[in-house]
Amino acid sequence: MSRIDVLAVASEIFPLVKTGGLADVAGALPKALAPLGVRVRTLVPGYASVMALLEETRTVRRLPDWFGGAARLIAAEAAGLDLFVLDAPHLYRREGGPYADSSGRDFADNPIRFGALARMAASLGQGLAPRYRPAIVHAHDWQTGLAPAYLSYDGGRRPAVVFTIHNLAFQGQFDPRLLESLGLPAESFTPDGVEYYGDIGFLKSGVRLADRITTVSPTYATEICTPQGGMGMDGLLRGRADRLIGILNAIDTDVWDPSTDPMIDAEYTAGQVERRAANKAALQNRMRLEADPEAPLFGVVSRLSWQKGLDLLLEALPALIAEGAQLALLGSGDAALEAGFQAAIRAHPGRIGCVFGYDEALAHQVQAGADAILVPSRFEPCGLTQLCALRYGAVPVVSRVGGLADTVIDAGPMALAAGAATGIQFAPVETAALEMALRRAASLYRKPATWRKLQRAGMAVDVSWTGPAQQYAELYAELIRERAG
Ligand code: ADP
Ligand code: GLC
């Protein structure tokens with residue numbers, strides 16, 4: 001098989017800049033595709049934090065006026081990633097995160113910031129960099145959704161475009177008067193182009209104009225085609241269902257490996273799960289929980305947002321406490337949810353512990369020390385923390401939606417008897433069902449042989465990128481064949 005060149009474009013990439021799972025996927029997939037003959041180079045914005053981490057930079061092109069300021073396209077390497085970086089200080093070098101300022105307010109010029117990124121992806125696809133002609137442009141999420149629009153309306157030879165939906169809740173819908181500043185022709189403003197309910201829709205553009213749409217789990221792929229799960233986009237998605245496929249996410253099993261993890265107290269393999277006791281004790285200490293080796297310890301590592309259903313967990317806390325259990329939560333985001341958990345700590349000192357903020361090492365420690373990991377999401381395109389949990393022998397307790405439904409096998413009697421069960425699922429996504437799941441988990445935990453079986457089965461699951469990367473490679477190859485034919 002000859003080599004396939006793919007230009008990926010994403011607004012975040014682990015380990016350089018991350019707010020969620022998108023970064024993990026953008027960072028891990030290139031590594032997994034390399035042995036399959038797919039060479040991925042990834043275009044990212046030159047945020048200040050990214051610029052600081054680049055090794056071996058080379059200016060590919062000076063861009064005297066790129067969306068309102070002087071910019072450069074840089075080729076660079078960092079953390080084993082092969083990158084193009086759009087260094088546009090007027091767009092990306094500012095205080096705050098990738099999307100919002102330090103007080104959490106979205107940058108007002110986000111449509112321009114990400115339009116500029118998508119435009120660069122299209123230009124690279126058309127040969128802007130000497131001797132580089134990718135066969136595929138793979139664009140991730142709304143921030144890059146205009147890439148296929150630029151390619152469609154420019155005319156001429158263009159690479160095939162794959163557009164991946166990581167989260168339909170973020171659609172990038174903006175004022176139609178921006179059309180000209182975005183450099184899009186008037187003819188693009190139609191329902192078959194970038195128009196979306198009278199606005200410009202970035203995600204809509206990706207979904208409408210890409211050659212293939214992928215999303216991050218098979219179940220989410222079907223959910224988003226329904227009015228309940230489609231968030232206004234289901235009609236369009238149903239119309240393109242023959243171009244839509246769900247490819248399950250995975251995790252970087254080098255970064256997430258309990259047998260070598262430098263961030264945890266005691267390393268262990270599937271045959272040594274008893275060694276997790278030291279990690280549990282360390283986590284209880286860190287989260288100011290009572291040193292109680294017998295208490296079932298539930299962990300959460302999450303953005304605090306409506307999507308993640310943590311308000312339901314707040315309501316279910318009395319049931320968790322009644323089971324003699326503890327909660328260790330690491331999360332950041334919504335202030336009201338944070339206040340809710342603060343109040344819960346005061347109500348149940350020593351039984352509920354939280355760290356608010358973003359802490360990569362602590363995320364590993366929660367996975368290695370908690371007995372179970374809770375993911376009560378209202379919707380979940382894939383979810384990565386339940387995959388980490390499987391790998392770390394923490395039993396996932398999840399709502400039966402999206403990728404959670406696809407990755408956890410519920411401990412029903414038959415699955416338990418067959419040794420197939422890896423966790424607990426609940427539905428519907430309501431407090432009462434979550435409470436039942438917490439009770440089920442606590443009672444299974446109190447049967448050590450059964451619990452161990454769940455842990456071992458979970459740790460035996462292949463959560464690596466090997467399988468999914470193969471599916472992406474096949475998708476790319478199919479598109480190339482289609483083009484040639
Ligand atoms: P989403 O992308 O919707 O936030 P995922 O489960 O796909 O959800 O990915 C979340 C990623 O972010 C995981 O790698 C998880 O470990 C990490 N993460 C989430 N919250 C935190 C936090 N507060 N501190 C450290 N890591 C976090
Ligand atoms: C999104 C989704 C999450 C998914 C991640 C990576 O942030 O919320 O479910 O795992 O993207 O695809």
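Every number for a ligand or one of its atoms is a count from 1 in the order of the listing. This is a predicted model, so every value here is computed, not measured.
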Taking distance alone, with N or O pairs closer than 3.5 Å, would you say [X] contacts ligand 2?
X: V25; result: no
X: E380; result: yes
X: C382; result: yes

* For atom 11 (O) of ligand 2, which of H166, Q386, R303 has the closest heavy atom? -> H166

Below a 4.0 angstrom heavy-atom separation, can you tell me which part of [X], side chain or backbone, both or neither, approaches ligand 1?
X: D359; result: backbone
X: C382; result: neither
X: K308; result: side chain

* For residues W142 and F170, establish whether the separation of their ring centroids is below 6.0 Å. => no

* Close aromatic pair by centroid cut-off 6.0 Å: Y196 and F202 -> no

* Asked: Are more than 12 heavy atoms from other residues, nucleotides or ligands located less than 6.0 Å from atom CD of E95?
  -> no

* ligand 1 atoms in contact with T385 (distance to a heavy atom under 4.0 Å) -> 6 (O), 15 (C), 16 (O)

* With a 4.0 Å cut-off on heavy atoms, is G403 touching ligand 2? -> no

* Asked: With a distance cut-off below 6.0 Å to the six-membered ring centre and an angular limit of 45° from the axis, does R212 pair with F163 as a cation-pi contact?
  -> no

* Structure fact -> re atom 26 (N) of ligand 1, the protein heavy-atom contact at minimum distance is Y358 CE1, 3.3 Å

* Asked: Under a 4.0 Å heavy-atom limit, does L22 contact ligand 2 with its side chain, its backbone, both, or neither?
  -> backbone

* Asked: Where's the contact between D24 and ligand 2, heavy-atom distance under 4.0 Å: side chain, backbone, both or neither?
  -> neither

* To do: Look at R303 together with D334 and state whether they make a salt bridge at an N to O cut-off of under 4.0 Å.
  => no

Within-cut-off N or O pair, [X] and ligand 1, under 3.5 Å:
X: K18; answer: yes
X: G21; answer: yes
X: L384; answer: yes

* Under the salt bridge (Lys or Arg N to Asp or Glu O under 4.0 Å) rule, what do D292 and R351 come out as? Steps first, then yes or no, please. => CA-CA 10 Å; D292 181 349; R351 308 307 292 178; 3.4 Å; yes

* Heavy-atom gap G357 to ligand 1 smaller than 4.0 Å -> yes

